[in-house]
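As the structure is a computational prediction, the values presented were derived from the model and not from experiment. Lettering follows sequence order; numbering is per chain, from 1.
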There are 2 protein chains.
Amino acid sequence: MNKKSKEKSILILFGEKVRAERLKQHLSQEKLAEKAGLHRTYIGMIERAEKNITLENIKKIADALKVKITNLFEEL
Amino acid sequence: MNKKSKEKSILILFGEKVRAERLKQHLSQEKLAEKAGLHRTYIGMIERAEKNITLENIKKIADALKVKITNLFEEL
DNA sequence: TTGTGACTTTAAGTCCGTC
DNA sequence: CGACGGACTTAAAGTCACA
């Protein structure tokens, strides 16, 4: 899986969801990273769909945002 | 993340969901692997929660099972 | 048909920084 | 605050032989 591939993928949709929810709560990437126990640069990479996130980290982010995982995949 | 850790995690719940759905459709791990474009043993590892699956592979499996991703996280 | 250990390759994920 | 890069460590991806 190439880091630079442009396919309109689930990763992009997921990143958009995370960003939208983060902004709605007025959190910086740094704050969200802190809450999720992840690194600040990594949150940015997820939002830009540069990394293929694992299930456990999906859960950490969902928890940090206080949303259900299903909310992050709504129209899928 | 230790392969042997016993934490009742999201990985276990996900594996159970996949197995339940696979059996409901009377598919072998091998058949599902073929449909998903993944390896036979890998599907087994996912069902037994030995691998922290990434989002793209979650999608492949959901597609192969013809279910929505949200269905695989229903009561989360 | 599935589980498991061993294994190599690739990518996830961290941490430093600059713009 | 966020995008992005380089270098790095750890873990996932992916495969195999055999139980």
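- Counting to the nearest Å, the C1' atom of dT2(C) and the CD1 atom of Ile43(B) are 13 Å from each other.
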N/O contacts under 3.5 Å, protein versus nucleotides 16-19 of chain D?
{"residue": "dC16(D)", "atom": "N4", "partner": "Thr41(B)", "partner atom": "OG1", "Å": "3.4"}

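- Look at Glu16(B) and Arg19(B) and you find no salt bridge, because none of the NZ, NE, NH1 or NH2 atoms lies under 4.0 Å from a carboxylate O.
- Considering all non-hydrogen atoms of both residues, Glu56(B) and Leu11(A) come closest at OE2-CD1, 3.4 Å.
- One atom, NZ of Lys51(B), and another, P of dT9(C), lie 15 Å apart when rounded to the nearest Å.
- When the P atom of dA13(D) is taken as reference, atom NZ of Lys60(B) falls 9 Å away, rounded to whole Å.
- For dA13(D), one of the phosphate oxygens OP1 or OP2 lies less than 4.0 angstrom from a side-chain nitrogen or oxygen of Tyr42(B).
- For the pair Asn52(B) CG and dA13(D) C1', the interatomic distance rounds to 12 Å; values are reported in whole Å.
- Here the side chain of Arg19(B) is nearest to one of dT4(C), dA12(D), dT2(C), namely dT2(C).
- Side chains of Lys17(B) and Glu74(B) form a contact here, defined as non-hydrogen atoms less than 4.5 Å apart.
- Counting only heavy atoms from C-beta outward, the side chains of Leu27(B) and Lys35(B) approach each other to under 4.5 Å.
- Proximity of Thr54(A) to Ile53(B): side-chain heavy atoms (C-beta onward) are nowhere separated by under 4.5 Å.
- Rounded to whole angstrom, the span from the CG atom of Leu55(A) across to the C1' atom of dA12(D) amounts to 13 Å.
- Heavy-atom minimum distance, Gln25(B) versus Leu65(B): NE2-O, 2.9 Å.
- Within residues 24-34 of chain A, no residue has any heavy atom closer than 4.0 Å to DNA chain C.
- As a whole-Å value, the separation of Asn57(B) CG from dA11(D) P is 19 Å.
- Looking at every heavy atom in both residues, Thr70(B) comes nearest to Phe73(A) through CG2-O, 3.3 Å.
- For Arg40(B) and Glu34(B), the salt-bridge test fails: no basic side-chain N is under 4.0 Å from an acidic carboxylate O.
- When each of Leu55(A), Ile61(A), Asp63(A) is tested with Lys59(A) by the rule side-chain contact (heavy atoms from CB on, under 4.5 Å), just one qualifies, namely Asp63(A).
- Proximity of Thr54(B) to the phosphate of dA12(C): no side-chain N or O atom is located under 4.0 Å from OP1 or OP2.
- What separates CZ of Phe14(A) from P of dA12(C) is a distance of 13 Å, to the nearest Å.
- Here the P atom of nucleotide dG5(D) and the CZ atom of Arg48(A) are 9 Å apart, to the nearest Å.
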